[in-house]
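Here's the structure we're looking at; comments come further down.
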Amino acid sequence: MPSDMGGGLDERGAAAELARLREQINYHNYLYHVLDRPAISDAEFDALMRRLHELEASHPELVTPDSPSQRVGGRPLDAFGTVAHEVPMLSLGNAFSEEELRSFDRRVRGLLAGEPVSYVAELKIDGLSVSLRYEGGVFVQGATRGDGLTGEDITQNLRRVKSVPLRLGLGGLAREVPRDLVVRGEVYMPVPEFEDLNRRREAAGEPLFANPRNAAAGSVRQLDPSITARRALDSFLYNLVLADGAAEAAAGVPGSHFARLAYLRDLGFKVNPESRLFHDIDGVLAYCDQWREARHSLPYETDGVVVKVDSIDQQRRLGSTSHAPRWAIAFKFPAEQGITKVRGIFVNVGRTGAVTPVAELEPVRLAGSTVSRAALHNEDYVREKDIRVGDWVVVHKAGDVIPEVVTVLTERRTGDERPFEMPEHCPACGARVVREPGEAAHRCVNSLGCPAQLAEGLIHFASRAGMDIEGLGSAVITQLLGAGLIADAAELYRLREARDKLVSLERMGEKSTDNLLEAIDRSRGRPLHRLIHALGIRYVGGRVSRVLARHFGTLDALMRASPAELTRVPEVGEKIAGSVSRFFSEPRNRELVEKLRLGEVNMVEPRRDVGVRTQGGAEAGGQLGFFGPDAGPGAGSDAWSAGRPRHAAGAAEPFAGKTFVFTGTLARAERREAESLVESLGGRAASSVSSRTHYVVAGENPGSKLDKARELGVRVLTEDEFWSLVAGGGP
Ligand code: IVH
């Protein structure tokens, strides 16, 4: 629809429709992100959002701070402003044992002269504490804890956290919304999001976050809110701060902390569902015991239990010391650290030839798993920590990241420990290992012939972020290389000729062989950006690959580009430009590209201007334009910018995180094209249905995948519904 669609309404009509739309959207957002109980389809939700954007575009004076449109946008800041906390944000005292928790209970009961005391036990969320201010029920300011008295103004970024309500009292749930209100809690990154983020960072050669907490803190403290938007953050709120007691009574705020949690939930906040009320400390201790192990199955990290006196009146009488309340304490789970011995230090050769030391440890149980290796990163790291073979060390595991050595217990040294020496020759190919000036890493110089680099490069090529070849992991790649069936990535596309040999490989068999060959076939149709990523050009990760693919449209155009042309591409600096042109000037790499072409691998980026909605809401969609030499004159950057995606503004990857499976014959595109399209919109196209599938698209004569989808309760779309989703800009 053209953006002047809202123009037909007069100001009053527009204001009324906008108010209605905002309420509807905020309510459905709450059902989806807070209660996890959506009531309308994603396409219906998108339609509401589109209408909101249209109306606001033609009536910019009617945009309000609680409008859902304000979850996007916002300019990068130079620095954060500061926010003074009217009521200080205190920290908590800690208890590390049952005895310390019992002594907290005795202290509380002593101060309350034998009154009955109830406790609320809550999980201590390992995130970043935040304070949210609402005026007249509208979110107006969000701040970090800072030093407890003054924090940073992170309002823009907190608007991006979808479970943070922009307006309170949705759907008439709460009795009455207090006029001014401050709510405190935790913003965190769910563990699956964290793992995904680190996988993307690893693929892009960016440093990894050590744990979800750091990732959340790094994301919330981004000056550019669009970066925060790309990191899915969530929230749990647990504290209501009202300076004036009288105001509380008037607004009907309950006098029990446990009841307040329910009250916060009714106002529209996301409240952790695991909190419990206990009338004695034994119940609290049992709760702590239960979560010590059970916490590892939660999708977020918790490092303890916070125990709070339930009665707000008792809390007030107990008061606080200068830094912590007397009515609450944090029971900390045992640290995820252990002591073990370094059996040896070996080096690993990566895809780019980086030779990295790894410690082999005596196996030790840490945070629910057995650890027998620790990353040592590079030579300087080993030197600084002075880690020697035979040393006793403290190892630490944060999140699901590879464990690290925290410190060496030098007092346990016997004199038999051996310092680590970086090898002068590559353990895989014997070539020289050098350290380039200004770099921390050592590298094997044999970048074209080293088998370890080749194997790692192939693993990267086939990985999910690359050509996404299901079933082609490191074990199979090692087998294929070992059997001499492939010598480079392009030879994967000739494996069909060697089917008999494949079948006879250990653990392969007929079925696995055919599955593998089909997965390889499917990968031929991946969009260009995946191929660019899969080639493993240094400094070219997922994001840069997309930018390059969109800009140049074809691999040939990219290969022809001079370094100067490359640096004219947004987000491409000299380092990347140099690396890309070096890569393509290497005859072996050019040969590889030609071999891939012979293997019928797609080298074109699909255009995304499909499914454009017309005025009447009908679609004129489905034209799958492809860039390429035959895309006509001007097929290049200009053609692309002219045909910019017409999806919701800013939603560059509207299908991000969604997995689609196609079954049956599609009427409006080849299945491979539809799969490419899903991928070019940031989604994933898989070949089989599992509980992780988001949508099954059923064409004509669907197969057993449809039954499977129904069995698993996976959402089934008709082909038409699929195209409306594409046209609408995402699920
Ligand atoms: S109550 C005055 N409850 O832990 C009351 N804190 O070590 C202060 N935290 O800064 C906080 N989950 O960031 C409370 N359920 C929870 C919590 C929690 C995490 C954090 C909070 C605080 C820190 C204190």
Side-chain angles (χ1 to χ4, degrees), residues 34 80 82-93 120-135 137-155 157-159 161 163-166 168 174 177-189 213 216-217 220-221 233-245 247-248 251 253-275 300 302-310 312 315-316 318-320 323-330:
V34 177
F80 293 112
T82 55
V83 173
H85 298 301
E86 261 171 60
V87 175
M89 288 182 81
L90 300 178
S91 70
L92 290 173
V120 178
E122 292 172 14
L123 294 180
K124 186 170 184 299
I125 310 299
D126 204 6
L128 192 81
S129 57
V130 294
S131 185
L132 313 175
R133 172 180 288 282
Y134 288 80
E135 286 174 8
V138 174
F139 175 57
V140 292
Q141 189 177 59
T144 62
R145 175 171 182 272
D147 63 2
L149 297 174
T150 315
E152 285 173 323
D153 185 336
I154 51 166
T155 314
N157 290 344
L158 289 179
R159 284 190 199 284
V161 181
S163 57
V164 167
L166 298 179
L168 302 182
V177 180
R179 257 202 62 70
D180 294 332
L181 169 81
V182 170
V183 176
R184 290 177 180 166
E186 219 63 16
V187 164
Y188 65 94
M189 184 173 288
R213 207 199 105 77
V220 160
R221 298 195 63 263
L233 296 172
D234 212 333
S235 65
F236 281 127
L237 280 303
Y238 46 70
N239 232 1
L240 191 67
V241 187
L242 293 149
D244 175 359
E248 288 179 38
V253 176
S256 131
H257 177 67
F258 196 61
R260 282 188 173 192
L261 291 176
Y263 176 80
L264 285 175
R265 192 173 292 132
D266 284 353
L267 283 178
F269 294 101
K270 186 157 177 175
V271 174
N272 187 281
E274 314 300 349
S275 304
Y300 47 86
T302 151
D303 57 343
V305 170
V306 182
V307 184
K308 301 174 181 175
V309 168
D310 182 51
I312 304 293
Q315 285 186 4
R316 213 170 268 137
L318 286 163
S320 305
H323 67 280
R326 289 192 195 89
W327 46 265
I329 196 159

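Looking at F139 and L132, their side chains come closer than 4.5 Å, going by heavy atoms from C-beta outward. Counting only heavy atoms from C-beta outward, the side chains of L237 and R265 never approach each other to under 4.5 Å. Side-chain contact between L261 and E122 is present, with at least one heavy-atom pair separated by less than 4.5 Å. For the pair L233 and V220, the minimum side-chain heavy-atom distance is below 4.5 Å. Residues V182 and E86 form no side-chain contact, since every pair of their non-hydrogen atoms from C-beta on lies 4.5 Å or further apart. The shortest side-chain heavy-atom distance between Y238 and E186 falls under the 4.5 Å cut-off. A 4.5 Å side-chain heavy-atom check between P325 and K308 finds every atom pair outside the cut-off.
To the nearest 0.5 angstrom, N272 atom CG is 8.5 Å from T302 atom OG1. For the atom pair S320 OG and L92 CG, the distance stands at 10.0 Å (nearest 0.5 Å). I154 CD1 to T144 OG1: the interatomic distance, rounded to the nearest 0.5 Å, is 5.5 Å. Once rounded to the nearest 0.5 Å, the distance linking OH of Y134 with CG of L166 reads 7.0 Å. From I329, atom CD1 reaches atom NZ of K124 across 12.0 Å, with rounding to the nearest 0.5 Å.
Between the R213 side chain and the G127 main chain, a donor and an acceptor come within less than 3.5 Å of each other. Checked by atom type and distance alone, the side chain of S129 never pairs as donor or acceptor with a backbone atom of G185 at under 3.5 Å. No donor-acceptor distance shorter than 3.5 angstrom exists from the side chain of D310 to the backbone of V120, with no hydrogens or angles considered. Side chain of D234 to backbone of Y188: no donor-acceptor contact under 3.5 angstrom is found. Distance alone, capped at 3.5 Å, places no donor-acceptor pair between the H257 side chain and the N239 backbone. R133 places no side-chain N or O within 3.5 Å of a backbone atom of Q141 that could act as its donor or acceptor partner.
Across V187 and A216, no two heavy atoms sit closer than the pair O-CB, 4.2 Å. When all heavy atoms of L128 and A217 are compared, the closest pair comes out as CD1-CB, 3.6 Å. A pairwise comparison of heavy atoms in E152 and V83 identifies C-CG2, 4.3 Å as the closest pair. Of all heavy-atom pairs between S235 and S163, the closest is OG-OG, 2.8 Å. Counting all heavy atoms, side chain and backbone alike, G142 lies closest to T155 at N-OG1, 3.2 Å. Here the closest heavy-atom approach between residue R260 and residue P254 is recorded as NE-O, 2.9 Å.
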For this session: Test side chain to side chain contact (heavy atoms under 4.5 Å, CB included) on L267 and V183 and set out the steps.
Result: CA-CA 11 Å; L267 283 178; V183 176; 5.7 Å; no
For this session: Apply the test side chain to side chain contact (heavy atoms under 4.5 Å, CB included) to residues L168 and L181: give CA-CA distance (whole Å), side-chain angles for both, the deciding distance (0.1 Å), then the verdict.
Result: CA-CA 10 Å; L168 302 182; L181 169 81; 3.4 Å; yes
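Taking the six-membered ring where the residue is Trp, F236 and Y300 present perpendicular rings, their angle passing 60° and hence far from 30°.
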